[in-house]
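Everything numeric in this text was worked out from a predicted model, so none of it was measured. These numbers come from the heavy atoms of this one structure, side chains and all, not from hydrogens, waters or symmetry mates.
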Amino acid sequence: MFALVDCNNFFVSCERVFNPALWNKPVIVLSNNDGCAIARSSEVKKLGIGMGQPIFQIKDLVQKHNIQVYSANFTLYADLSHRVMETLRQFSPNIEVYSIDEAFLALSGISDLEEYGKRIRNTIWQWVGIPVSVGIAQTKTLAKAANEVAKKHPQYQGSLVIDANNRQQILSKIDVGDVWGVGRQYTKFLNRQGIYTAFDLANCDLAWARKNLSVSGERMVRELNGQSCISLNEIFLPQKEIACTRSFGHLMTDLSALKQAVATFTHRAAEKLRQQESVAWQVAVFIHTNRHRQQDWQYANYGISVLPIPSSYTPLLIKHAHAVLQRIYKSGYWYKKAGVILRGINSNQTVQLNLLTKPETYQDHKQIMPTMDGVNQKLGQDTLWLASMGVGERNWKMRQNHRSNNFTSKWEELVVVK
DNA sequence: TCTGGGGTCCTAGGACCC
DNA sequence: TCTGGGGTCCTAGGACCC
């Protein structure tokens, strides 16, 4: 048996934990650069504001309904996510943290699953202050489906178990597009074939699903019928790709400013790389202009640089990133966004050395970076940084005009009770 | 004025090997 | 008329997820 626990409007709920005045009020959390709505309270959803909707398009609604708007505060959200996950471990030793706001739990030997789901929900609410929905079923896909229904229909009070008795009835209520693994394109295709609900999909021919929706399609059909094909992934798997990409607060045209941004993104990505004890072979860089500004000349490009030996040494990675940038940069354009992606990631325990590179060089790298990471971890992000990231005003920095306090990570920003 | 960021998996096709 | 058979690795593009 699997349970899927999913936090409701997670980012909004996080803001509410430290600002209870926001309960029952319409609240929106914005994407980086204060661009789009990426989390909406139920009050906001009712107003018809969509996921990812640009905020400038809904200015009037925001004013009219006095919607509270926040910049994304990922430090806070990550911290609360951790609290939720730790609490969930009380309910099963086998847990897969699926995303910042979701986890799968393997359940066995529970006699009353209905009651167990409610208990999970109540405990998270009481201990962390975040409302969650719980779906329980024989497979992950069904647990997802149960969660979906539990969240949408108040009569289930946030928790639902799918079993052989109610499977058909529940699946018939779910749009096929809401099934885990069915996205925009597949929905269009399936609708054309006369398949509209999760139950329709469950009744598809396996070979047909395999042919038209690839192996993931066949798995979906099997899972919807109660045959578990996707197992619980409990162990930590290092990422195969690490990216840091940002839109700029202001359009930029200068190569030197872009170089600072790219150095900064490389630095962030390299920190993550070292954190998972990996090294990377390739540094990819892209830049592009603002596609929404049709009156501007448009340009976009990307390039890759391959390292002689895989590394996690920031200065070396920056050197390669800059070389790529130099190659793809064209003057005279207004750039809106840039990004750095590290690829070809391997464990730092099994580095393939290069015949032509002295091993000592590599040793140096091994010592400097952990020292820097250690200092930054202890004394705050960017206590130590590289000069190539820029020392003066960083005018490319993203906008973040409505951020809440770092209630859980900065002494100066703790909640004031009185 | 203004439109996010970060991932994974699968498949087809090309290059190459013997 | 008629040109083999069996593999691997890599990449790009498309689908999906949150």
Side-chain angles (χ1 to χ4, degrees), chain A residues 4-11 28-40 49-60 62 69-74 77-78 81 96-104 140-141 144 147-148 176-190 209-220 229-230 233 237-251 265 268-269 272-273 276 281-282 284 286 288-296 302 304 306 334 336-345 398-402:
Chain A
L4 175 70
V5 182
D6 186 321
C7 302
N8 301 347
N9 329 316
F10 183 54
F11 298 164
I28 284 180
V29 173
L30 298 176
S31 61
N32 275 338
N33 219 26
D34 289 348
C36 306
I38 53 165
R40 303 152 295 150
I49 293 172
M51 173 69 176
Q53 195 157 8
I55 189 74
F56 75 87
Q57 287 178 358
I58 50 173
K59 253 185 166 164
D60 294 348
V62 168
V69 175
Y70 286 85
S71 300
N73 183 349
F74 288 110
Y77 309 152
S81 170
E96 171 186 345
V97 177
Y98 180 67
S99 74
I100 193 162
D101 70 336
E102 269 177 70
F104 286 103
K140 279 180 155 184
T141 306
K144 270 275 199 185
N147 190 289
E148 169 86 20
V176 73
D178 290 335
V179 173
W180 191 39
V182 179
R184 270 252 234 329
Q185 302 304 316
Y186 284 175
T187 305
K188 267 194 253 167
F189 169 75
L190 289 167
R210 163 84 218 214
K211 188 167 158 246
N212 293 288
L213 310 170
S214 89
V215 289
S216 4
E218 181 178 345
R219 270 201 294 257
M220 285 189 299
C229 305
I230 308 172
N233 208 340
L237 288 172
Q239 287 175 206
K240 299 171 176 172
E241 217 175 83
I242 293 173
C244 182
T245 71
R246 292 277 180 282
S247 300
F248 306 129
H250 305 278
L251 295 176
F265 301 162
R268 286 272 170 282
K272 272 177 92 175
L273 185 69
Q276 65 167 33
W281 275 108
Q282 295 177 14
F286 72 79
H288 65 70
T289 48
N290 189 344
R291 294 193 181 90
H292 299 288
R293 285 173 62 96
Q294 287 172 357
Q295 69 274 32
D296 288 3
Y302 95 113
I304 295 176
V306 177
W334 290 99
K336 174 64 177 171
K337 187 172 176 177
V340 172
I341 304 152
L342 303 178
R343 298 218 175 93
I345 292 177
M398 62 184 184
R399 276 188 298 273
Q400 221 184 11
N401 295 332
H402 315 280

Restricting to non-hydrogen atoms, name the atom on A:F265 and the atom on A:F248 that form the minimum distance, rounded to 0.1 Å. CZ-CE2, 4.1 Å
Can you name the closest pair of heavy atoms from A:R210 and A:E218 and give their distance? CD-OE1, 3.3 Å
Could you give the distance separating C:dC17 and B:dG4 at their C1' atoms, to the nearest angstrom? 16 Å
Do the ring planes of A:Y77 and A:F74 sit parallel (below 30°), tilted (30 to 60°) or perpendicular (above 60°)? perpendicular
Does A:V29 reach a base, just sugar-phosphate, or nothing at all? Heavy atoms under 4.0 Å. nothing
Of all nucleotides in DNA chain B that come within under 4.0 Å of a heavy atom of chain A, which is furthest toward the 5' end and which toward the 3' end? B:dT1 to B:dT11
So A:R291, base contact, sugar-phosphate only, or nothing? Heavy-atom distance under 4.0 Å. nothing
Is A:K188 touching bases, backbone alone, or none of the nucleic acid, heavy atoms closer than 4.0 Å? nothing
Please report the C-alpha distance between A:N33 and A:R399 in whole Å, then the side-chain angles of each, then the deciding distance to 0.1 Å, and finally whether the side chain to side chain contact (heavy atoms under 4.5 Å, CB included) criterion is met. CA-CA 4 Å; A:N33 219 26; A:R399 276 188 298 273; 3.8 Å; yes
Does A:R343 reach a base, just sugar-phosphate, or nothing at all? Heavy atoms under 4.0 Å. nothing
In chain order, what residues pass the side chain to side chain contact (heavy atoms under 4.5 Å, CB included) check against A:Q53, with sequence neighbours excluded? A:I49, A:Q57, A:I58
Looking across every strand, which nucleic acid part, if any, lies under 4.0 Å from A:Q239 by heavy atom: base, sugar-phosphate, or nothing? sugar-phosphate
When A:G52 and A:K240 are each assigned the nearest nucleotide of DNA chain B, the 5'-most assignment goes to A:G52
Under 4.0 Å between any heavy atoms, over every strand shown, what does A:N290 touch: base, sugar-phosphate, or nothing? Just pick one. sugar-phosphate
Name the nucleic acid region contacted by A:R268, choosing base, sugar-phosphate or nothing; use a 4.0 angstrom heavy-atom cut-off, strictly under. nothing
Counting the atoms with a prime plus P, OP1 and OP2 as sugar-phosphate, which does A:K59 contact under 4.0 Å by heavy atoms, base, sugar-phosphate, or nothing? base
Range-with-range stems of DNA chain C (Watson-Crick or G-U pairs under 3.5 Å, three or more in a row): B:5-18 with C:5-18
Which comes earlier along DNA chain B counting from the 5' end, the contact point of A:L251 or that of A:R219, where each point is its nearest nucleotide? A:L251
Taking atom OH of A:Y302 as the centre, does the number of heavy atoms from other residues, nucleotides or ligands within less than 6.0 Å exceed 12? no
Grab the two heavy atoms, one from A:V69 and one from A:H402, that are nearest each other, plus how far apart they are. O-CB, 3.4 Å
Which part of the nucleic acid does A:I100 contact within heavy-atom distance under 4.0 Å: base, sugar-phosphate only, or nothing? nothing
Show the nearest heavy-atom pair for residues A:Q239 and A:I345, with the distance to one decimal. O-CG2, 3.5 Å
